[in-house]
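Input: a single structure, listed below in structure tokens.
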Amino acid sequence: MPSDSVAALLQRHRANEDLNAAVISAAARNALDLAADAVVGPLDERIIEATGAALDAGHTHYEPVPGIDELRAALAQHLSEATGAGWDAANLLVTAGMQESRFLTLQLIDAGDGATALPQVLHPGVRKALGTRPRETVSLAVDAERRLPRLQAIRAALEGGSRLLYMESPSRLTGATLDADEMAAIATLLADHDASAIIDRGLAPWVAGAVAAPTERVALIGEAFPGAGIASWLAGYIAVPEDWLPPIQSQKQIMAICTATPAQFGALEAGNLYTEEQPPRLEHMQALRSSLQDRARAAGLDALAGGAASVLALRLSASQKAQGLTRLAEASYQVADGSDFGAPDLLRLTVCDAAQAALDLLADA
Amino acid sequence: MPERKKSGTNLLYSMMAEAASYDDAVIMGRGDPDFDTPEHIIAAAKEAMVQNHSDSSPPEGLPELREAIAARVERVNGVAYDPASEIVVTNGGQEALFLMVLTLIGPGDEMIVPEPNYNTYLDSTRFAGGRQIEVDTFPQQNFRADPADVRRNVNERTKALLLVSPNNPAASVISPQDMRDLVQIACDHDLFIISDEIYDLFVYDDVVHTSAAAMPGARERTLTLNALSKAYSMTGWRVGWVTGPAPLMERLRELKAAITGATSIISQYAGIAALTGPQEPVQMMADTYVRRRRAVLQALDEMGIEYGVPEGGQFIFADIGFTGMDSMQFAQRVLTEQHVLVYPGSAFSEARKQYIRMTFLQPEDKLREGLERMKIAMEGIRAELGNGSAS
């Protein structure tokens, strides 16, 4: 006998008007948390149904270390469509979220004898992951507006002996992306110096149009199908050339055996729905971000242009930022402090309805 | 005793892949209970999805789950921990193990480990830059480590003792007196203790499980792991935990945040249901394992295969040395000819090439089928031995 059916649970759920809203945004669930780099979207009933069915069918045991085949294939297809490169399921490993993707790639991809090159500005989880078993690092200067690494800094690092480069495109702090020409130049530099790159493209689904990525010598990492409401279920991916996978997979075995089955089956269904569901989500978020940016600028705040629709970064003077953080804290708002990313002059807000009130507090500060 | 040169973990995964290619395979190797996760736990997971528990968890886990773990540990293991500062939820026992080793072991450090042991400890210790010092155990003592042997191996580089009770793969259980003696060694030499107690609910023949941290002087120096995987048949959910004193747990929590961040929220809600809900399914599984264990031991007796009497856990470590084959050859032959997967002892230790590890985590009819096929394989091997052609 299966346990209480999903249908029965959903029936109860539907009776709850509060939870039956068409969109359950972060604003509705936790009005004051603006620190995440993407809003927690609504959870599609089909994802609940599919995951519940998988559990009822006995998918409660160990699954293959690199992930269930269907999810690996779905992620490969998504990445192939998004980047134009030919990713295959054999290139993919499912992780227990973005931080495990960072850890496994930073610790297991061969950096040769050189330092790992890191942009000055990047998600704090990167330095944490490296710190567990420190590797030598070299810092890459970033530009003032996007906070992305400058090409000449990358060239200098590679000429200086670095063989592994870590990048975010879009930036986890500003949402800005490297364009196709820049990525092509980076790809050439990697080839010329026999080097490799890890690129976090977790925010790419929040950018309209393609986000460029090299097709060779690169590991792509990110969350599995962000925006589908399963962020806290924690499923991520690593896409690498097939011959890079064995040491990463071996380490995944050693430290986790496999990724949790509910997270994997939830992500699989999210993938099935993504082509249909993500475009309207992105359109909604773009409009919301645009209005927030206009509101910020009208209030005299310096909102960066960014790129990803899920985040809005603001550039503030030291006194503005200090006062703003105090005001936000007094009102119980949480935001991401750029200091944690290596950009002390920035604050980042999650794009959602509640960000409007936070912007007003910052404008008053 | 020399360190193993090749990762046993990879060896086992390649054998599992071969077994998966046989439709009629009987899996008596992997530690994955055949029971489905109890219904009320799956129901709780569904409820969590429906309630859209999309709130993020702190790296150390949901407070409700840590409270449930604290209650369980105090009830079963007799040790009280503060849920706020002394418990971290992990992606199963495997991550717990990795985090414990990384918390305590650094480059050049040594950890004393009873041999044989679960192969991932060596992999984790190597990752940390440390070294395992193995202490031999013997089937005549049911693979129990002798505290005197442990004491003899302590030196200035020794950082920790690894205690696995019930043991994987040898199924030994550390007696209360030996546990006191081992803890005393740790106290005398100011060593940390890593205690793996994932099979603590599964002991047999009136054997008593003793938690290391419950011994006088142990709590402040002991990290203990456990998980829901084996007791609740939840291997796929990846929920485990580490308990220990706050200063060590602060470091472990930082590592957890750096390596994987939080544990999946749906699995955590399932974990709350497992620990706070009905416990009858656990008892039912334990009772079943008692019967199955008896059936396997009887079959091994009939085959003339010797073993250390398994006092706990879900394994039997059996000696196939008389066949003249090493364990890899034996396991491969049984797998290829009879489609029965047992694990070679060489995956756990170079010194255990004459052993195989068997589980009893299959339905009884399938288990008996697997044992019958093993008997056929053994008859063939014995016939070849008579001809002088076994290899």
| query | How long is the gap from CG on B/Asn91 to OG1 on A/Thr95, to the nearest 0.5 Å? | reply | 10.0 Å
| request: Can you tell which part of B/Pro33 gets under 4.5 Å to a heavy atom of chain A, answering side chain, backbone, both or neither? | output: backbone
| task | Side-chain contact test, heavy atoms from C-beta onward, threshold under 4.5 Å: evaluate it for A/Thr60 versus B/Ile42 and give yes or no. | result | yes
| request: Could you list the residues that satisfy side chain to side chain contact (heavy atoms under 4.5 Å, CB included) with B/Pro58, not counting sequence neighbours? | output: B/Glu60, B/Arg66
| query | Just wondering, are more than 12 heavy atoms of other shown residues or ligands nearer than 6.0 Å to CD in B/Glu250? | reply | no
| Out of A/Gln251, A/Arg102, A/Arg127, which one racks up the most heavy-atom pairs below 4.5 Å with chain B? | A/Gln251
| query | Relative to chain B, which of A/Gly58, A/Gly97, A/Cys258 shows the most heavy atom pairs under 4.5 Å? | reply | A/Cys258
| said: Can you confirm whether A/Met255 sits close enough to B/Thr120 that some side-chain heavy atom of one is under 4.5 Å from a side-chain heavy atom of the other? | reply: no
| Which bit of B/Tyr121 comes within less than 4.5 Å of chain A, counting heavy atoms only: side chain, backbone, both or neither? | neither
| query | Should the ring pair A/Phe103 and B/Phe127 be called parallel, tilted or perpendicular, given that the plane angle runs from 0 to 90° and is split at 30 and 60? | reply | tilted
| Should B/Ile259 and A/Glu100 count as side-chain neighbours, where that means a heavy-atom distance under 4.5 Å? | no
| task | Tell me, for A/Gln249 versus chain B, whether the close heavy atoms (under 4.5 Å) come from the side chain, the backbone, both or neither. | result | neither
| note | Ranked by heavy-atom pairs below 4.5 Å to chain A, first place among B/Met234, B/Arg30, B/Glu95, B/Glu254 goes to B/Arg30
| Between CD on residue A/Glu49 and NZ on residue B/Lys46, distance to nearest 0.5 Å | 9.5 Å
| query | Is there a donor-acceptor contact under 3.5 Å from the side chain of A/Arg133 to the main chain of B/Ala128? | reply | no
| field | Sidechain-backbone polar pair: A/Glu63 side chain, B/Gly236 backbone, donor-acceptor under 3.5 Å | value | no
| message | What I'd like to find out is whether the side chain of B/Met49 reaches to under 4.5 Å of the side chain of A/Ile230, using heavy atoms alone. | response | no
| request: Output the option from B/Gly129, B/Gly93, B/Ser264 having the highest count of non-hydrogen pairs under 4.5 Å with chain A. | output: B/Ser264
| message | Run the salt bridge (Lys or Arg N to Asp or Glu O under 4.0 Å) test against B/Asp34 and tell me which residues pass, sequence neighbours left out. | response | B/Arg292
| task | Check whether any side-chain heavy atom of A/Leu55 lies under 4.5 Å from a side-chain heavy atom of B/Trp237, and answer yes or no. | result | yes
| field | Nearest atoms (heavy-atom pairs only) where B/Ser233 meets A/His61 | value | OG-CE1, 4.0 Å
| remark: Applying a strict 4.5 Å limit to non-hydrogen atoms, the region of B/Thr263 in contact with chain A is backbone
| note | Here the pair of heavy atoms bringing B/Gly31 nearest to A/Tyr62 is O-CE1, 3.8 Å
| field | Check: A/Leu234 and B/Ile265 side chains under 4.5 Å, non-hydrogen atoms | value | no
| note | Counting heavy-atom pairs under 4.5 angstrom with chain A, the leader among B/Asp36, B/Thr260, B/Leu99 is B/Thr260
| said: Tell me if a side-chain donor or acceptor on A/Gln99 pairs with a main-chain N or O of B/Ala258 at a distance below 3.5 Å. | reply: yes
| field | Smallest separation among heavy atoms of B/Gln94 and A/Gln253, with atom names | value | NE2-O, 2.8 Å
| Side chain / backbone / both / neither for A/Gln107 at chain B, heavy atoms under 4.5 Å | side chain
| note | Given B/Asp32, B/Thr37, B/Val239, the one with more heavy-atom pairs under 4.5 angstrom with chain A than any other is B/Asp32
| query | Checking B/Ala45 against chain A: side chain, backbone, both or neither under 4.5 Å from a heavy atom? | reply | side chain
| query | Going from CG on A/Leu43 to CD on B/Gln51, what distance comes out if it is rounded to the nearest 0.5 angstrom? | reply | 11.5 Å
| Portion of A/Ser101 that has a non-hydrogen atom of chain B nearer than 4.5 angstrom | neither
| remark: Bottom line for A/Val65: the part with an atom under 4.5 Å from chain B's heavy atoms is side chain
| message | Any heavy-atom pair between the side chains of A/Pro262 and B/Ser267 that's under 4.5 Å? | response | yes
